[in-house]
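Side chains are part of it too, since the values below use all heavy atoms of this structure and drop only hydrogens, waters and symmetry mates.
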Amino acid sequence: MDYQNRVGSKFGGGGVAGAAETNVDRRERLRKLALETIDLAKDPYILRNHLGSLECRLCLTLHTNEGSYLAHTQGKKHQTNLARRAAKDNKDSQLMIAPAPSTVRTKVFLKIGRPGYRVTKVRERIDYDQLGQRITEGDGPPREGLMVQVHLPQIKEGVIPRRRFMSAWEQRKEPPNRAYQYLIVAAEPYETIAFRIPAREIEDEAEDPTGWNWSHWDPDTKQYSFQFMFRN
């Protein structure tokens, strides 16, 4: 850039460049440096359209020639987008890494068959006084539920039966059906048994003041009994 022939400058001395001239000179130096160090054939973000112009697919910018595109690659916008893309690719690669195999050992034991059981439908009783006023807690229709009794005469010493509710998408024995859920009861060394029940919300035993939700394990008779109610 010719600085000595600027108005107001001394002969033989460089004049003071303005902001526009400084910016143009900087971009030109960056373009020349990029031409020497960057191979456009290996740039994954450059695209030449049908008009002969160059597009940056990362920043969605349009450039008339290679020099303009190379100057853009050294600019703040392109470098910022490169950093964001690298961070996103790094995050995606971490999500694709398979989790470490579980170190929990699966318990293996000889199963002796299914236990005996009985399932009974129950319904909440609504009491009224002499005037026909409801005295049972709550104001909705009677609650419905199930009482399950499982007989485990040969249960392993020290083992307490366990139960849980499983959604239709967790089990792998039947095609998933959103209308049902499954009640699972397990006690070693018996086979695990499952009951298909309606997919309705179940009340929490710990939060039920009425006592309709309960569970009991009798170690003397070897019988596991519990009752749960569906929420209205």
Q.
For L51, I'd like to know if atom CG has over 12 heavy atoms of other residues, nucleotides or ligands within 6.0 Å.
A. yes
**Q.** Enclosure of R200 CZ (heavy-atom neighbours >12, cutoff 6.0 Å)
**A.** yes
Q: Report the residues that fulfil side chain to side chain donor-acceptor pair (under 3.5 Å) with T64, sequence neighbours left out, ordered by chain and then residue number.
A: none
Q) Residues in side chain to side chain donor-acceptor pair (under 3.5 Å) with Q227, at least two apart? A) none
Restricting to pairs with a member in [range], which pass salt bridge (Lys or Arg N to Asp or Glu O under 4.0 Å), not counting sequence neighbours?
| range | result |
| --- | --- |
| residues 210-232 | E201-R231 |
| residues 73-82 | none |
| residues 166-175 | R164-E170, E174-R196 |

Partners passing side-chain contact (heavy atoms from CB on, under 4.5 Å) against [X] (at least two apart in sequence or in another chain):
| X | result |
| --- | --- |
| L82 | Y45, L58, H78, Q79 |
| Y117 | V119, V150, I193, F195 |
| Q149 | R118, M147, Q223, S225 |
| R84 | T80, N81 |

Q: List, by chain and number, the other hydrophobic cluster members for I184, where Ile, Leu, Val, Met, Phe, Trp and Tyr join if side-chain heavy atoms come within less than 4.5 Å, directly or indirectly.
A: M166, Y182
**Q.** Transitive ILVMFWY cluster of L60, excluding itself - 4.5 Å side-chain cut-off
**A.** none
Do [X] side-chain atoms and [Y] backbone N/O form a donor-acceptor pair below 3.5 Å?
| X | Y | answer |
| --- | --- | --- |
| Q74 | A71 | no |
| N49 | G52 | yes |
| N213 | D204 | no |
| R57 | P44 | yes |

Q: Could you go through the salt bridge (Lys or Arg N to Asp or Glu O under 4.0 Å) check for E188 and R162 one step at a time?
A: CA-CA 10 Å; E188 186 182 345; R162 297 184 181 277; over 6 Å; no
Q) Yes or no on side chain to side chain donor-acceptor pair (under 3.5 Å) for T192 and R114, after CA distance, side-chain angles and deciding distance? A) CA-CA 7 Å; T192 301; R114 298 180 181 178; over 6 Å; no
Q. With E55, which residues qualify under salt bridge (Lys or Arg N to Asp or Glu O under 4.0 Å), at least two apart?
A. none
Q: Mind listing the closest non-hydrogen atom pair of Q154 and P189 along with its distance?
A: O-CD, 3.4 Å
Q.
Give me the atom names and distance for the closest heavy-atom approach of G145 to F230.
A. CA-CD1, 4.0 Å
Q: May I have the step-by-step check of salt bridge (Lys or Arg N to Asp or Glu O under 4.0 Å) for E191 and K111, ending in yes or no?
A: CA-CA 6 Å; E191 293 183 8; K111 298 182 180 181; over 6 Å; no
Q: Answer yes if L183 and V122 sit in the same cluster of Ile, Leu, Val, Met, Phe, Trp and Tyr residues linked by side chain heavy atoms under 4.5 Å apart, and no otherwise.
A: no
